[in-house]
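Structure first, then comments.
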Amino acid sequence: MISALHKSVRGGDGSAAMYWLARMLTAGEDPLYVARRCIVMASEDIGLANDRALPLAIATYNACTIIGMPECRINLAHLVAYLAESPKSTRSYEAYNKAEEAAKADPTLPVPMNIRNAPTRLMKELDYGRGYLYNPDFAHPVHQDFLPKQLANAKFLRKEGDMEGKEWDEDLLRQWEVTENNGGPWDGRPSSDSMAED
């Protein structure tokens, strides 16, 4: 049932998420198990779309630890509703997975010299840290190499709003508009003018 709860939160269905939470708790599930999974949801599914989700999830875990059942069911209900209603973003989760794949593919790629720490005279003599630009010293952006040369053009973290790799299924969107949005168009639907330009 934890997977049903997680998928309901991910899908933004607060009522379904609340039902699965109640099913688990009334069956005697450990509330800390549920709270731990919600901490994962806060980063995996809500992520960068709502910075308050993770602190609330951790606070809920702490509340469950301090007060226990049956009262902590209220804290968990608060959290589950919040997570279900939050906007969702998997950008950081996806970025880590891509970066991990690159790190595993070649764990020997060197740290660029400009961002190496130079705590000793020998390291300074070997040019560790040479050319490093301390970004806060500038009133404008400056270019630096932070990745190994072999990964110079790698983009692990997509920019906000970048929909590359995301599916568009008009039939599924229409079904959602009818069943969940009272037949009205989704707010994120491109206007007919912008679709005509494509």
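Just so you know, residue 1 is the first one in the sequence shown, and it goes up from there. Because the structure is predicted, anything quoted here is derived from the model rather than measured.
Atom CZ of R91 and atom CZ of F156 lie 15.5 Å apart (nearest 0.5 Å). With values rounded to the nearest 0.5 angstrom, T65 atom OG1 is found 5.5 Å from N62 atom CG. Note that CZ of R10 is 7.5 Å distant from OG of S3, once rounded to the nearest 0.5 Å. Separating the CG atom in N117 from the CE atom in M123 is a distance of 7.5 Å, to the nearest 0.5 Å. Rounding to the nearest 0.5 Å places CG of L54 at 13.0 Å from CE of M41. S92 contributes atom OG, which lies 7.5 Å from atom CG of L157 (distance to the nearest 0.5 angstrom).
Side-chain contact check for T60 versus C38: every heavy-atom pair is 4.5 Å or farther apart. With contacts defined as side-chain heavy-atom distances shorter than 4.5 Å, the pair R37/L5 does not qualify. At a threshold of 4.5 Å between non-hydrogen side-chain atoms, the residues W168 and L173 count as touching. Within the 4.5 Å cutoff, the side chain of N75 has heavy atoms near those of the I67 side chain. Side-chain atoms of I46 and P87, non-hydrogen and from C-beta on, never get closer than 4.5 Å to each other. Under the 4.5 Å side-chain criterion, counting only non-hydrogen atoms from C-beta, M24 is in contact with V34. Side-chain contact check for V142 versus H140: some heavy-atom pair is nearer than 4.5 Å.
L147 and V111 end up in different hydrophobic clusters when Ile, Leu, Val, Met, Phe, Trp and Tyr side chains are linked at under 4.5 Å. Y33 is connected to L21 through a chain of hydrophobic side-chain contacts under 4.5 Å among Ile, Leu, Val, Met, Phe, Trp and Tyr, so both are in one cluster. Residues L79 and Y19 fall within the same hydrophobic cluster, defined by Ile, Leu, Val, Met, Phe, Trp and Tyr side chains chained together at heavy-atom separations under 4.5 Å. Linking ILVMFWY residues whenever their side-chain heavy atoms come closer than 4.5 Å, directly or via other members, places V9 and M1 in the same cluster. At a threshold of 4.5 Å between side-chain heavy atoms, the hydrophobic network of Ile, Leu, Val, Met, Phe, Trp and Tyr places I39 and L32 in one connected group.
Annotation: Y132, atom OH; neighbour count of heavy atoms from other residues, nucleotides and ligands within 6.0 Å is above 12. Around atom NZ of K98, more than 12 heavy atoms belonging to other residues, nucleotides or ligands sit under 6.0 Å away. Annotation: F138, atom CZ; neighbour count of heavy atoms from other residues, nucleotides and ligands within 6.0 Å is above 12.
Panel note: side chain N182, backbone G184; no donor-acceptor pair is recorded below 3.5 Å. Counting only distance, with no hydrogens or angles, the side chain of D171 and the backbone of Q175 share no donor-acceptor pair below 3.5 Å. Looking only at distances, no side-chain donor or acceptor of E177 sits under 3.5 Å from a matching main-chain atom of P185. Judged purely by atom type and a 3.5 angstrom limit, R116 has no side-chain atom pairing as donor or acceptor with the backbone of G129. Between the side chain of N114 and the backbone N or O of D145, at least one donor-acceptor pair lies under 3.5 Å. Proximity of a side-chain donor or acceptor of R73 to a complementary backbone N or O of P70 within less than 3.5 Å is detected. In this structure a side-chain-to-backbone donor-acceptor pair under 3.5 Å is missing from T90 to Y93.
Taking a cutoff of 4.0 Å between a charged side-chain nitrogen and a carboxylate oxygen, R23 and E29 do not qualify as a salt bridge. A salt bridge links E125 to R121: one of the charged nitrogens lies within less than 4.0 Å of a carboxylate oxygen. Here K88 does not pair with D45 in a salt bridge; the nearest charged N to carboxylate O distance is not below 4.0 Å.
The shortest non-hydrogen separation linking G131 to Q144 is O-OE1, 4.2 Å. For A4 against S8, the heavy-atom pair with the smallest separation is O-OG, 2.8 Å. F146 and N135 get closest at one heavy-atom pair: CZ-OD1, 4.3 Å.
For the residue pair Y82/N50, the side-chain donor-acceptor check at 3.5 Å is satisfied.
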Exercise. Evaluate the side chain to side chain contact (heavy atoms under 4.5 Å, CB included) criterion for residues D106 and Q150: first the C-alpha distance (whole Å), next the side-chain angles of each, then the deciding distance (0.1 Å), finally the verdict.
Key: CA-CA 10 Å; D106 188 350; Q150 299 85 336; 5.8 Å; no
Exercise. Would you sort out whether S15 and D13 count as a side chain to side chain contact (heavy atoms under 4.5 Å, CB included), showing the intermediate values?
Key: CA-CA 6 Å; S15 293; D13 191 329; 3.7 Å; yes
